[in-house]
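Some notes on the structure that comes next.
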Amino acid sequence: MIKPMRKFSSRLALALLAVAALLAGPAAAQSLNVDIVGGVKTATPIVVVPFAQAGGAPLPTDVADVIRNDFNRSGKFRSLAKSDIVEFPSRGADIKFPTWRLMKQDYITVGRISDAGNGAVRIEYELWDVNKQQSLLAQAFTAPTGDLRGVAHQIADQIYQKITGVRGAFWTRIAYITAVGLGNNTTYSLIVADSDGYNPQVVARSKESLLSPAWSPDGKKIAYVSFESGNSSIYVQDITTGSRQLIAAHPRGINGAPAWSPDGSKLAVALSYVGNLELFSLDVASRHETRLTNNLAIDTEPVWAPDGQSIYFTSDRSGRPQIYQVSAGGGSAERVTFQGQNNADPAVSYDGKQIAMVQGNGNVYRIAVMDRSLGGQVRFLSPGSLDFSPSWAPNASMLLYGATEGPRSVLYAVSADGMVRQRLALADGDVSDPAWGPYRQQ
Amino acid sequence: MNKTVRVALVALLCVGAAACSKKQEVKPQAPAPEPVAQTQAPESDGKYTPADLDTDACLRQRVVYFDFDKTEIKPEFQQIMACHAKYLQDRPSAHIRLEGNTDERGTREYNLGLGERRANAVSSALQANGGSASQLEVISYGKEKPVCREHNEDCWSKNRRAEIVYTAQ
């Protein structure tokens, strides 16, 4: 959709690009390369037998493969490699349990796919406990063949919840920013993809920096910061229709760091038109601004506590950046982090208990997690040395972050125990600012 | 070997040793401004003209560098503040955009704040030297527009900067 526009004056090109970004519907984006690194010996062993297909054209997706990868990157499960699978039952009655007991598998998933007409297929699967020889789940889906990955993620979610008791978050989406090209020829894109990095779609494109995407709680909109007008501005864009609203564009100073309130009615933002960078709560419908901080320091990177009563943010009011907490109505702030030279960019888990952040010590920046019920101690989820932008999965089973590798920036999805890491990289560009979206509605 | 020759040899050795050890010890330093030769006498009335932006040794310097996580203007940049402030006084229609930038360490949004603080520090210094607030605007790019992309102090020191951009001369 973007044609080379070198001959135009930059201002004209910018204006045209802005229009193009507005008119563009979802467009396929450059795919991410996906690798899974590490593994956990203590993870629960599970076998996902390739789903049998009864007739019809070959399917674009190997459903069992998608489920296996979901399990492996969760850190909670270790799925038997496809090449080690020796028998191929497709329904419970055909499972020879001694075979799988011998292979030390705790659970087995079998399934079958049949043509449902009109380009759709019917997918049935069963989950069995190998030792008890007991059926745990038996479900069926009907879906277009183009949505088989989505079905596979939903199956993985159901199995994950049945065995761990925790709702699965594989059938979710992530947003991130890509930068492709060098210098003035860089194109920035806001992309939405499946949680495993597949099916990337372009939401917005710009010749100037895009940053800080934030999902609305209903998963329909993304707030983000764009420099396309020259200065920073905050937009909210509907990811299905592509329509977008300009939310904050004070000509003077920074318009940055949007974060949705849990009920979706407000955005916490960082604005500096008042002379210094301060936090505000912006009513999305009326645009009414409520100032939350009043301090000569840099106050930015707000994020709401899940109960909507308070906001965590970064401030350097004590000298170096640290995490603070302020009431959602404003007032005095309380310092939250005391360990580490500096801490910034907080991300709060769904239950409000875990705060992930970027902790910097010397020149090493790593993702640290503080459990609020365990005092100020942190554990590190990433190796460094320039890691950024933590974002929790909606069930806090995994966390996305950005990392710097040589000249490139890439993303990692790491299991909450830090044991398994999935690398998401662009073949010829930078990926940054990951944001894990909310649960999807069926 | 007479004494003079011996002294000269020792001196040569010292030079060699100093050069070697210097290579190992050299600490990356923030880029310093070029030494400013005594500013050439401007036009006969003592006021700057737009042509001086290209020719005057001081006015040609338009980048102010900062220490890590710092926003104070270092003494070596005071002379640059003074000449650009004088230009603003001499040319009331002149206008400057101050672009604040940071190195890649730290988070993107925090660095937007830090870059703005640096640009504000330059704005304050220009005003303290006689520039008018109405001639100055400030924008922060944080770490979005690095001039150097390696992950080392030498590179970082080049990126921690505020650029003086004349939008009207």
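In the text below, chain A, chain B and the rest are named by the order of the sequence lines, each starting its count at 1. Values below: every heavy atom of this structure, side chains too, minus hydrogens, waters and symmetry copies.
Counting heavy-atom neighbours within 6.0 Å of A:R408 CZ, excluding the residue itself, gives a total above 12. Around atom CG of A:L296, no more than 12 heavy atoms belonging to other residues, nucleotides or ligands sit under 6.0 Å away. With a 6.0 Å radius and a threshold of 12 heavy atoms from other residues, nucleotides or ligands, A:D428 has its CG atom above the threshold.
Contacts of residues 161-169 of chain B with chain A at a heavy-atom distance below 4.5 Å are absent; not one residue qualifies.
Neither the backbone nor the side chain of A:S315 comes within less than 4.5 Å of any heavy atom in chain B. At a 4.5 Å heavy-atom cutoff, the contact between A:I254 and chain B is made by backbone and side-chain atoms alike. In this structure, no portion of A:A270 lies under 4.5 Å from any heavy atom of chain B.
Taken to the nearest 0.5 Å, the CG atom of A:N363 stands 7.5 Å off from the CD atom of B:E153. With values rounded to the nearest 0.5 angstrom, B:R105 atom CZ is found 10.5 Å from A:S385 atom OG. Here the CD1 atom belonging to B:I139 is positioned 7.0 Å from the OG atom belonging to A:S232, to the nearest 0.5 angstrom.
When all heavy atoms are compared, the tightest approach of A:Y188 to B:E144 is OH-O, 4.4 Å.
B:Y141 meets the side chain to side chain donor-acceptor pair (under 3.5 Å) test with no other residue; sequence neighbours excluded. Applying the side chain to side chain donor-acceptor pair (under 3.5 Å) criterion to A:R291, with sequence neighbours excluded, gives A:E278, A:N294. Residues forming a side chain to side chain donor-acceptor pair (under 3.5 Å) with B:W156 (at least two apart in sequence, or on another chain): B:E104.
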For side chain to side chain contact (heavy atoms under 4.5 Å, CB included), just list the numbers for A:V225 and B:E109, CA-CA rounded to whole Å, side-chain angles, deciding distance to a tenth of an Å, and then say yes or no.
CA-CA 10 Å; A:V225 176; B:E109 292 279 359; 3.7 Å; yes
Passes side chain to side chain contact (heavy atoms under 4.5 Å, CB included), A:I298 versus B:E116? Steps please.
CA-CA 10 Å; A:I298 292 172; B:E116 181 173 68; over 6 Å; no
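For the set A:P407, A:G275, A:A179, A:S272, the entry with the most heavy-atom pairs within less than 4.5 Å of chain B is A:S272. Your options are A:L211, A:T404, A:V358, A:N276, and the one with the most heavy-atom pairs under 4.5 Å with chain B is A:L211. Listed options B:P146, B:G106, B:S140 were ranked by heavy-atom pairs under 4.5 angstrom with chain A; first place goes to B:G106.
Under 3.5 Å, the side chains of A:S389 and B:R108 contain no donor-acceptor pair of N or O atoms.
Remark: A:E208 engages B:K145 in a salt bridge, criterion side-chain N to carboxylate O under 4.0 Å.
With respect to B:Y110, the side chain to side chain donor-acceptor pair (under 3.5 Å) criterion is satisfied by exactly one of A:D316, A:D299, A:D345, A:N342: A:D316.
Residues A:Y365 and B:T107 form no side-chain contact, since every pair of their non-hydrogen atoms from C-beta on lies 4.5 Å or further apart.
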